[in-house]
4 protein chains.
Amino acid sequence: MARPKSNDKRNNILAACKVVIARDGLNATTADIAKEAGIATGSLFTYFPTKTDLLNELYVVLKTEMTAALTDKLSGKNNREKLHNGWAAWTDWAAINTEKHVVIELLRNSDQLTKESRAFGDAAIKPVFDLINANVVKLETNYPNDFLYELIDAISIKTMDKMAARPDKAAEYREAGFETVWKIITKG
Amino acid sequence: MARPKSNDKRNNILAACKVVIARDGLNATTADIAKEAGIATGSLFTYFPTKTDLLNELYVVLKTEMTAALTDKLSGKNNREKLHNGWAAWTDWAAINTEKHVVIELLRNSDQLTKESRAFGDAAIKPVFDLINANVVKLETNYPNDFLYELIDAISIKTMDKMAARPDKAAEYREAGFETVWKIITKG
Amino acid sequence: MARPKSNDKRNNILAACKVVIARDGLNATTADIAKEAGIATGSLFTYFPTKTDLLNELYVVLKTEMTAALTDKLSGKNNREKLHNGWAAWTDWAAINTEKHVVIELLRNSDQLTKESRAFGDAAIKPVFDLINANVVKLETNYPNDFLYELIDAISIKTMDKMAARPDKAAEYREAGFETVWKIITKG
Amino acid sequence: MARPKSNDKRNNILAACKVVIARDGLNATTADIAKEAGIATGSLFTYFPTKTDLLNELYVVLKTEMTAALTDKLSGKNNREKLHNGWAAWTDWAAINTEKHVVIELLRNSDQLTKESRAFGDAAIKPVFDLINANVVKLETNYPNDFLYELIDAISIKTMDKMAARPDKAAEYREAGFETVWKIITKG
DNA sequence: AATGAATGAGAATTCATTCAT
DNA sequence: CATGAATGAATTCTCATTCAT
């Protein structure tokens with residue numbers, strides 16, 4: 001088998017897609033993405049049959065990576081510390097990977113995502129909450145759970161935005177965000 | 001701020017723009033918007049020199065209307081009640097004016113808004129918080145204020161989304177959202 | 001109403017389409033057709049929503065014109081002369097309007113024609129045969145009628161091809177073709 | 001004539017080409033043809049330097065096969081029967097080998113055939129007519145011979161089309177076609 | 001040879017904006 | 001001013017052919 005479809009190239013395209021979208025927005029051209037990836041315009045379609053497929057795959061990949069940043073860090077000597085460590089890992093990831101965070105949000109707010117991708121993105125966060133719920137923190141709240149998850153998600157995004165916008169005050173925003181979440185999930 | 005005298009046709013176009021964008025997303029065609037407004041495609045451009053101008057104006061108009069829905073209702077027999085009434089008025093407005101709420105969010109997440117429009121939108125909420133801060137509720141928190149505002153904004157949007165998605169449980173989400181906000185701004 | 005959609009321009013496009021297809025075959029580009037018509041590439045689509053629509057319309061128009069060339073001439077002092085005059089008018093039209101004849105055949109043999117257009121083309125010839133059948137010649141044959149019509153059609157096309165290919169012998173081929181048809185439809 | 005030694009792979013490609021063109025029309029992809037032949041897209045080009053070459057070769061091959069179906073059968077106890085047997089063999093071949101017949105016609109009406117292929121196709125039928133002319137039937141007609149050949153060819157195609165379209169009436173159309181031809185070539 | 005990924009010149013169509021009427 | 005046809009650059013995707021493996 002000559003010149004097998006390389007996973008590297010596939011990843012190059014995804015990375016290029018991320019870069020170009022972060023730069024040009026969702027109207028980024030497949031031609032520009034291909035150029036950024038260092039391949040011919042037609043080659044992009046060897047790896048992704050349509051632009052929409054590429055966009056959806058990118059969303060899933062980024063969302064997976066983002067979630068992974070959190071999952072490993074949910075440890076600490078007590079529940080608050082466990083959650084704090086997870087939160088810090090999560091938001092720091094976004095503050096460092098600004099492009100990825102930005103692109104995730106662009107995609108989420110677009111009409112390009114399929115139901116499946118969107119569900120995947122939502123599901124990606126779910127295990128984390130299950131983890132919190134079951135093992136780490138005893139949720140002391142009466143909110144509808146789905147709503148609580150979405151609120152925390154929204155707060156995390158705002159926190160990440162702020163951290164990215166003001167790297168000099170990143171830690172401050174990170175902690176303020178955490179306090180907010182902690183307040184919400186604990187009975188007071 | 002705003003524009004000079006907005007005549008009927010301008011407003012027709014803005015209203016049509018809102019309808020079509022809610023239906024077709026931000027890729028809505030100027031031709032379709034004009035048709036919805038009952039005018040010729042070319043006429044649109046005598047009122048708004050570019051599509052971007054139209055979009056920005058629409059954002060400002062909707063954001064203004066949205067804020068107005070809140071401002072008048074900040075009354076009640078105590079601080080909590082005052083804020084609750086304001087909150088209810090605000091979120092109910094969005095739950096009823098789904099189209100407008102949706103379009104505001106689409107625009108906010110687009111790359112079409114100028115710095116000025118975006119600043120205007122952010123400013124629109126500011127007086128409300130000043131009002132809260134100065135007259136209604138004594139904020140008992142140590143957060144950076146700008147962050148607090150944005151968090152509450154984010155929570156309000158999620159609340160509105162939920163209310164619009166589940167009209168049958170609108171009240172429940174509205175109250176849950178309020179409790180969240182109240183928790184955040186009060187010392188606990 | 002400013003600059004009304006001109007019928008002249010529509011006809012220009014159809015004429016240009018005919019010219020370019022005769023020159024380049026069915027793969028003729030919409031861009032080339034537009035250029036030949038002296039309009040912008042986009043303007044073509046104001047008049048014909050898709051290339052296929054243009055092609056179908058062209059077929060119908062040409063087929064109509066071709067049939068008209070025959071219909072008026074079915075006169076003469078006896079049946080044979082009547083039919084002969086019709087035949088001559090028909091084949092002469094094709095010999096003179098070579099481009100049109102060629103394009104009709106290209107379209108007929110393409111996969112671009114809708115059932116409707118094809119049916120229209122078939123129907124166009126039908127009245128002529130009805131005319132022959134009812135008023136001009138008493139068909140003395142036992143063939144299935146539809147088959148007879150198609151055979152005559154096929155013979156006419158071959159005759160036209162020959163006449164166009166050898167203008168110097170056009171009359172000879174025209175008469176040979178006629179004798180063939182006459183032989184077929186008369187009892188011998 | 002034809003090509004040197006055609007190995008199995010060449011023939012596989014030709015057969016696949018026929019199948020795919022019958023299914024997808026002349027816009028059939030070289031990639032699809034290769035897949036149908038069970039080889040890699042690139043391999044196709046080691047056997048046929050260009051798509052056009054493949055198409056031309058296919059035409060020649062099919063036309064040869066078609067002619068062969070007729071040549072052997074020109075026997076019978078008199079001229080009419082001899083020709084009738086040939087005609088039957090010929091049209092039956094097409095009615096059975098619908099795909100081949102269809103592809104021959106598609107190619108003939110395309111702009112892909114070289115002068116040479118077209119000439120070959122025309123020549124393929126010539127010997128048959130020479131045979132008819134010299135040995136089987138004494139043609140009693142004054143037509144230009146080339147024209148007569150083409151007319152009979154055209155009639156045969158129509159007959160084949162009809163037979164393929166209505167297998168239940170194949171025999172009827174076959175005989176009607178024959179009578180037509182017989183009428184044309186005999187003095188009346 | 002065989003493979004199938006890589007190439008890049010098109011091709012049809014869209015759409016914000018202009019401008020003749 | 002209103003109209004809507006005209007414009008043409010831009011966009012996604014295709015496909016015959018090449019070429020690295």
Side-chain angles (χ1 to χ4, degrees), chain A residues 1-6 8-10 13 27-35 37-55, chain B residues 7 9 27-35 37-55 112, chain C residues 1-6 8-10 13 24 27-35 37-55, chain D residues 7 9 24 27-35 37-55 112:
Chain A
M1 195 194 319
R3 251 191 300 191
K5 224 187 295 192
S6 99
D8 276 3
K9 200 159 293 180
R10 202 186 152 78
I13 297 173
N27 292 331
T29 299
T30 52
D32 280 348
I33 295 169
K35 186 182 293 178
I39 59 171
T41 62
S43 301
L44 188 150
F45 295 92
T46 317
Y47 290 86
F48 303 92
T50 70
K51 187 186 180 185
T52 299
D53 286 317
L54 169 56
L55 260 24
Chain B
N7 62 29
K9 205 160 287 183
N27 292 332
T29 304
T30 52
D32 280 347
I33 295 167
K35 185 185 290 179
I39 60 170
T41 60
S43 300
L44 188 150
F45 292 90
T46 65
Y47 292 88
F48 301 91
T50 71
K51 189 186 182 186
T52 300
D53 286 317
L54 168 57
L55 260 26
Q112 297 289 322
Chain C
M1 197 194 317
R3 253 191 299 190
K5 225 185 296 193
S6 100
D8 275 3
K9 200 160 292 180
R10 203 185 151 79
I13 296 173
D24 300 345
N27 293 331
T29 299
T30 53
D32 280 347
I33 295 168
K35 187 183 292 179
I39 60 172
T41 62
S43 300
L44 187 150
F45 295 90
T46 317
Y47 290 87
F48 303 92
T50 70
K51 188 185 180 186
T52 299
D53 286 316
L54 169 57
L55 259 25
Chain D
N7 61 30
K9 205 159 290 183
D24 300 344
N27 293 332
T29 304
T30 52
D32 279 348
I33 295 167
K35 185 184 292 179
I39 60 169
T41 61
S43 300
L44 188 150
F45 292 90
T46 65
Y47 291 89
F48 301 91
T50 70
K51 188 185 182 185
T52 299
D53 286 318
L54 169 57
L55 259 26
Q112 298 288 322

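Below, chains carry the letters A, B, ... as their sequence lines are ordered, and counting in each starts from 1. Values reported hereafter were calculated over all heavy atoms of this structure, with side chains retained and with hydrogens, waters and symmetry mates removed.
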(request) Note every stem involving DNA chain F: at least three consecutive Watson-Crick or G-U wobble pairs, i with j then i+1 with j-1, with both distances under 3.5 Å. (result)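 DNA chain F stems, ordered by first number: E:2-21 with F:2-21.
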Length of the line joining [X]:[atom1] and [N]:[atom2], which is rounded to integer Å:
{"X": "I33(C)", "N": "dG10(E)", "atom1": "CD1", "atom2": "P", "value": "17 Å"}
{"X": "F48(B)", "N": "dC15(E)", "atom1": "CZ", "atom2": "C1'", "value": "19 Å"}
{"X": "L54(B)", "N": "dA16(E)", "atom1": "CG", "atom2": "P", "value": "11 Å"}
{"X": "D53(A)", "N": "dT12(F)", "atom1": "CG", "atom2": "P", "value": "14 Å"}
{"X": "K35(B)", "N": "dA2(F)", "atom1": "NZ", "atom2": "C1'", "value": "17 Å"}
{"X": "F45(B)", "N": "dC1(F)", "atom1": "CZ", "atom2": "P", "value": "18 Å"}
{"X": "D32(C)", "N": "dT13(E)", "atom1": "CG", "atom2": "P", "value": "15 Å"}

(request) List the protein contact pattern of nucleotides 6-11 of chain F with one symbol per nucleotide (5' to 3'): B for base contact, S for sugar-phosphate-only contact, - for none; contact means a heavy-atom distance under 4.0 Å. (result) SBBB-S
(request) Assign each of P49(D) and A31(A) to its nearest nucleotide of DNA chain F by heavy atoms, then name whichever residue's nucleotide is nearer the 5' end. (result)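 Closer to the 5' end of DNA chain F: A31(A).
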(request) Would you mind telling me which residue lines up with the more 5' stretch of DNA chain E, T50(C) or T50(B), judged by nearest nucleotide? (result)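 With T50(C) and T50(B) compared, the 5'-side residue is T50(C).
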For residues [X] and [Y], report the shortest heavy-atom separation together with the two atoms involved.
{"X": "Y47(D)", "Y": "S43(D)", "answer": "CD1-O, 3.3 Å"}
{"X": "L44(A)", "Y": "I39(A)", "answer": "N-CD1, 3.6 Å"}
{"X": "T46(A)", "Y": "K5(A)", "answer": "O-NZ, 3.5 Å"}
{"X": "A34(D)", "Y": "T41(D)", "answer": "CB-CA, 3.7 Å"}

(message) Let me confirm one number: the CG-CD distance from N27(C) to Q112(D), rounded to the nearest 0.5 Å.
(response) 7.5 Å
(message) Check whether S6(A) reaches the backbone of K9(A) with its side chain - one donor and one acceptor, N or O, closer than 3.5 Å.
(response)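 Such a contact is found between S6(A) side chain and K9(A) backbone.
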(request) Return yes if some donor-acceptor pair links the side-chain N/O of K51(C) with the main-chain N/O of A28(C) below 3.5 Å, else return no. (result) yes
(request) Only one of L55(D), L54(D), T30(D) passes side-chain contact (heavy atoms from CB on, under 4.5 Å) with F48(D); say which it is. (result) L54(D)
